[in-house]
Number of protein chains: 2
Amino acid sequence: MSESRETIQPVFRALADPTRRAIIRMLAHGPRPIGEIASAFAMTRPAIAKHLAILRDGDLIIVEPKGRERINHFNPAALKAATDWLSYFDRFWDEKLEELKRLAEHKKGSS
Amino acid sequence: MSESRETIQPVFRALADPTRRAIIRMLAHGPRPIGEIASAFAMTRPAIAKHLAILRDGDLIIVEPKGRERINHFNPAALKAATDWLSYFDRFWDEKLEELKRLAEHKKGSS
DNA sequence: TTGACATGAAACCTTTTGGTTTCGTATAAA
DNA sequence: TTTATACGAAACCAAAAGGTTTCATGTCAA
């Protein structure tokens, strides 16, 4: 009842940082080694390496060792956990909309 | 280009904590004052108050002052920003699936 | 008007986060 | 077989996050 899957925490955690979201967008357009990713940001390679570790933890990227490089691939399937969690609230939309509308009316009346 | 809206950061930040996600689920079933929310968790009221502040920052809840109570209402509309961000990646699904499939095959071959 | 209650707010503490610099190591290339 | 390159890993640091206890305040109810 509490949370559909325990795998959801690492995903939402990964999505919480703007740099990591930017990395996801970048890798969506094609796999890249760390060095190439790092050169696109105003921070050092080790900093990016940590972000990649967190993304890996959420299974959002998969690493392909290739010679002395390590190619990072985006794994869109991992986003499904987050999407599912969010879609649960679709059914509350109409109901809550009415509730909040009434609330706004009252507030207007008492101003 | 970087991020559809700057309003997305407070939303993803709010969603990153399991307690806050639990509060959202609770409030989806009906508005509640702080005290009632706090009594459902193994932490103090001020701790919950901080979580509510972060949720408010992401516009995920709206407060209705009512006498000496402050009723917290869930605002599902605020989740749209996150949903939209995620849905952008739907179009990469098939493409990446193939890419990762080939990757898995290669790995199998070289083990 | 006095007391109880629901809450906000401040001060404080510990752990996590997001970054850095420095160093070690495996692979590719000269 | 050197040398350059791409990376991982460790040690360190400041700031943010997630809690706590304590106190002040506004509102309801006797």
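Partners of B/Lys50 according to the salt bridge (charged side-chain N to carboxylate O under 4.0 Å, His left out) rule, which considers only residues two or more places apart in sequence or in another chain, do not exist here.
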Where do A/Phe74 and B/Phe89 land on the ring pair (Phe, Tyr, Trp, His ring centres under 6.0 Å) test, with the steps shown first? CA-CA 10 Å; A/Phe74 171 50; B/Phe89 298 97; 5.5 Å; yes

Could you give me the CA-CA distance, side-chain angles and deciding distance for A/Ile37 and A/Leu52, then say whether side chain to side chain contact (heavy atoms under 4.5 Å, CB included) is met? CA-CA 10 Å; A/Ile37 301 172; A/Leu52 291 178; 4.2 Å; yes

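Using a 4.0 Å cut-off between a side-chain N of Lys or Arg and a carboxylate O of Asp or Glu, B/Lys96 and B/Glu99 qualify as a salt bridge.
Rounded to whole Å, the distance from CG on B/Asn72 to C1' on C/dG8 is 13 Å. In this entry the distance linking CD1 of B/Ile23 with P of D/dG18 reads 11 Å, nearest Å. Distance A/Phe41 CZ to C/dG18 C1': 14 Å, rounded to the nearest Å. Taking atom CZ of B/Arg32 as the reference point, atom P of C/dT7 lies 13 Å away to the nearest angstrom. Following rounding to the nearest Å, B/Ile37 (CD1) and C/dA6 (C1') show an atom-to-atom distance of 13 Å. As a whole-Å value, the separation of A/His51 NE2 from C/dT17 P is 12 Å. Atom CG in A/Leu55 sits roughly 11 Å away from atom P in C/dG18 (whole-Å rounding). Protein atom CD1 of B/Ile48 is 17 Å distant from nucleotide atom P of C/dA9, rounded to whole Å.
Side-chain N/O atoms of A/Arg70 include one lying less than 4.0 angstrom from OP1 or OP2 on D/dG8. Residue B/Thr44 places no side-chain N or O under 4.0 Å from the OP1 or OP2 atom of D/dG19.
A donor-acceptor pair under 3.5 Å links the side-chain atoms of B/Gln9 to the main chain of A/Ala16, judged by distance alone. A distance-only check finds no donor-acceptor pair linking the side chain of A/Arg45 to the backbone of A/Ala38 [under 3.5 Å]. At least one donor-acceptor pair under 3.5 Å links the side chain of B/Arg21 to the backbone N or O of B/Leu15. The closest donor-acceptor contact from the side chain of A/Arg32 to the backbone of A/Gly30 lies under 3.5 Å.
Checking C/dG19, C/dT7, D/dT20 against the side-chain heavy atoms of B/Ala47 singles out D/dT20 as nearest.
For an aromatic pair to be called close, the ring centres must be under 6.0 Å apart, and A/His29 with B/Phe92 satisfies this.
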One character per nucleotide, please: for nucleotides 22-30 of chain C, 5' to 3', B when the base has a protein heavy atom closer than 4.0 Å, S when only the sugar-phosphate does, - otherwise. -----BSS-

Kindly give the atom pairs (protein nitrogen or oxygen, nucleotide nitrogen or oxygen) under 3.5 Å for nucleotides 12-17 of chain D.
| residue | atom | partner | partner atom | Å |
| --- | --- | --- | --- | --- |
| D/dA17 | OP1 | B/Arg13 | NE | 3.3 |
| D/dA17 | OP1 | B/Arg13 | NH2 | 3.3 |
| D/dA17 | OP2 | B/Arg13 | NH2 | 3.2 |

